[in-house]
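First listed ligand is number 1; within each ligand, the first listed atom is number 1. The basis for the numbers below is simple: all heavy atoms, side chains too, and nothing from hydrogens, waters or symmetry mates. Position 1 is the first residue of the sequence; numbering continues from there.
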Amino acid sequence: MRIQVLASITLLVSIFVAMPSLYGSPADVESRIDALLARMTLQEKLGQLSQSTAGYTRSDAQIRNDVRAGRWGSIMNLRDAQQRAALQRVALHESRLGIPLIFGRDVIHGYRTVFPIPLGQSASWDPELVRKAAHIAARETAAEGIHWTFAPMLDIARDPRWGRIAESLGEDPVLASALGAAMVRGLQGDSLDAPDAVAACAKHYAGYGAAEGGRDYNTTWIPETLLRDVYLPSFAAAEKAGAATFMSAFNDLNGVPASGNVFLLRQVLRKEWGFDGFVVSDWNAVEEMIKHGYAADSTDAAVKSLRAGVDMEMVSTDYYDDLPALIAAGKFDVKLVDESVRNILRVKFRLGLFERPIPAPPPASAMLAPDALAIAQRLATESAVLLRNEGSLLPLSKSIAKVAVIGPLADSRVDQMGCWVADGQPGDVRTPLAAIREMLGPDRVAYAPALKNSRDNSQAGFAPALEAARNADAVLLFIGEEQSLSGEARSRASLDLPGAQDQLVDEIAKAGKPVVLIVLAGRPLTFSKAAAHAEAVLYAWHPGTMGGPAIANLLFGDAVPSGKLTVSFPRTAGQIPIYYNHMNTGRPPRGGSGRISERVAPEGDTSRYIDLDNGPEYPFGYGLSYTTFQYSNLKLSSASMAKGGALTVSADVTNSGKLEGGEIVQLYTRQLAASLTRPVRELKDFQRVTLKPGETKTVQFTLSTASLAFHNERGELVNEPGMFQVWIAPDSARGLRGEFKAID
Ligand code: GLC
């Protein structure tokens with residue numbers, strides 16, 4: 001008897017362990033694709049390669065008829081869960097082959113629970129927290145029957161004039177790779193067919209952030225060495241993390257639009273990285289190759305895009321409309337169509353759509369659950385960056401008699417959520433004004449918006465604001481940008497405060513009270529005039545649903561700022577592009593002012609402006625705390641590193657202040673001479689430490705040869721021997737420096 005029981009337990013365990021996912025084993029998927037493909041007509045195949053958007057150029061009835069005819073493989077932006085379920089039933093039960101639709105949606109930084117914009121999230125330097133937020137976004141999205149989000153956005157952004165810097169993870173490839181991969185893991189979880197997982201989409205592949213002039217959709221010229229060292233790593237990390245889909249970008253890259261770019265889509269993505277999901281074009285990007293001057297007409301656009309490796313066409317319909325005639329005439333190989341159908345069906349199977357195409361209606365608790373709001377608040381807290389705190393004005397005391405809260409952004413639910421919010425509800429948002437009133441009591445909080453919005457040029461509302469400041473013990477002055485000033489197609493030629501905000505700060509300064517500037521924006525702004533009137537500056541980005549409590553807690557000491565910048569802040573737009581990992585040039589500035597004086601410029605003929613100090617207003621990696629941290633005792637395990645070897649670098653970090661705080665410790669290197677010029681600093685790793693007052697931790701990093709590799713002029717990843725500098729640092733402008741030699 002005992003043996004039989006044991007045998008049945010073993011059998012059960014083996015079945016469970018071997019149990020494939022919903023869709024079966026990978027081999028099952030390929031055989032199921034073969035079987036389905038063999039039954040598909042050309043029109044049905046081209047239908048799978050086509051994505052329509054709801055509520056755009058076709059009525060719901062027309063989309064239903066189309067789906068019945070197998071016209072679409074995917075529908076995006078269908079807002080209502082019941083409508084999605086109804087349309088899926090049409091696909092499953094009324095189309096000839098019953099292939100489920102894949103529903104897509106832009107869930108860029110949260111579905112119903114809205115997290116800080118990605119540029120804000122990146123300032124947390126906290127991949128695990130970012131992953132948790134992405135998982136919550138997936139949970140809420142999947143609960144509504146949406147299978148696929150067009151996120152994470154992985155474009156490296158070095159130009160804050162570009163409105164989409166708001167959606168980016170900053171200017172550094174190592175940090176963007178760590179955070180982007182965390183977002184993919186959060187969205188897709190351990191198994192794509194789980195009820196709380198959605199397919200991720202690594203976008204915009206690739207180089208979109210290098211738009212000339214920071215002007216959205218503009219041309220990009222990126223030499224292959226720079227492309228491979230800076231712009232591609234975050235996409236490679238997303239692919240390695242298992243991103244199910246990629247999105248080809250709008251921009252032309254070195255003369256070839258990304259959506260027709262064989263080098264990007266076939267050579268790098270498929271051959272080098274082994275990607276086996278599918279690529280969707282960005283909105284209309286296939287058709288736009290005509291405007292680029294790369295395609296003669298829609299047929300040419302369809303041929304060049306599908307040949308290059310764009311599997312699914314978003315919104316434009318060149319594949320469906322133009323390829324049948326070419327294929328019939330033997331001018332286009334249907335095998336390319338089959339290959340793209342395979343890629344799309346493979347993702348649909350992996351999502352479990354054939355087994356569970358329509359999820360059960362979500363419980364009311366699926367949205368805005370307590371854990372979701374807690375993560376949203378924590379991420380908003382960790383994203384905020386303390387840029388100045390003269391005289392340790394912050395944190396303010398909660399027993400303060402009266403504060404004046406001034407500026408329209410202090411109480412603007414929509415603006416606080418930031419760009420790319422499709423399903424977040426303003427009614428869910430907790431504003432800073434509400435949170436401060438809740439914390440101090442309404443009697444101790446005087447509010448004066450002073451302006452209608454951030455673009456308002458009228459000074460009619462200044463008087464009550466100045467009065468409120470005069471009657472207060474401290475002023476919390478909210479400045480920045482409305483939500484509509486960043487995101488797609490929102491490039492700005494100036495980074496100055498919009499509207500009459502500078503004048504407002506000047507006016508409020510007349511009250512002679514301590515001023516804290518809280519900046520809510522989707523990009524780095526140039527606001528040094530305003531900052532000169534303030535003792536403290538907290539940069540809180542667009543912090544999402546729970547931004548209010550996060551900001552209130554930071555201002556009054558229930559939380560300690562730990563965020564650090566992930567983009568360089570220019571002093572003026574005239575400095576752009578400005579980024580920390582720049583080359584040294586043959587005439588590097590020798591520090592100090594570049595200003596012309598009556599004597600010959602002390603700087604001599606060096607790479608500088610004669611009318612502006614060098615360097616950023618605030619550097620990459622910079623951020624203050626309410627406590628202070630001292631770095632000491634840098635140690636290297638060796639003065640040399642053999643090829644294929646590694647060495648450890650450590651330093652002691654001490655909390656030399658009076659409050660517990662978090663510090664993001666950064667590791668940078670510089671290769672002093674190589675076959676190509678190398679950046680003056682490159683981030684290689686980072687660690688977050690939390691220290692009590694007086695506590696010291698030894699922070700240790702391991703540097704491997706692989707982490708020092710770069711792409712040479714032939715696009716090969718190489719290590720070259722030579723001298724390296726290494727820093728353990730609080731930001732990209734300071735730190736403890738050591739040296740070592742990499743030997744062949
Ligand atoms: C937009 C954006 C892209 C988005 C897509 C679908 O134009 O470029 O990021 O995912 O279209 O909305």
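Note on Arg131 versus Glu128: salt bridge recorded, some NZ/NE/NH1/NH2 to OD/OE distance being below 4.0 Å. Ion pairing between Arg105 and Glu144 fails under the 4.0 Å rule for side-chain N and carboxylate O. A salt bridge is absent between Lys132 and Glu382; no separation between the charged side-chain nitrogens and carboxylate oxygens falls under 4.0 Å. Taking 4.0 Å as the cut-off between side-chain N and carboxylate O, Lys291 and Glu288 do not count as a salt-bridged pair.
Among residues two or more places apart in sequence or in another chain, the side-chain contact (heavy atoms from CB on, under 4.5 Å) test is passed with Pro223 by Thr225, Leu226.
One N or O on the side chain of Glu171 and one on the backbone of Ser568 form a donor-acceptor pair closer than 3.5 Å.
Sorted by chain and number, the heavy-atom contacts of ligand 1 below 4.0 Å come from Met76, Asp106, Phe150, Arg164, Lys203, His204, Met247, Phe250, Asp282, Trp283, Met314, Trp420, Glu488.
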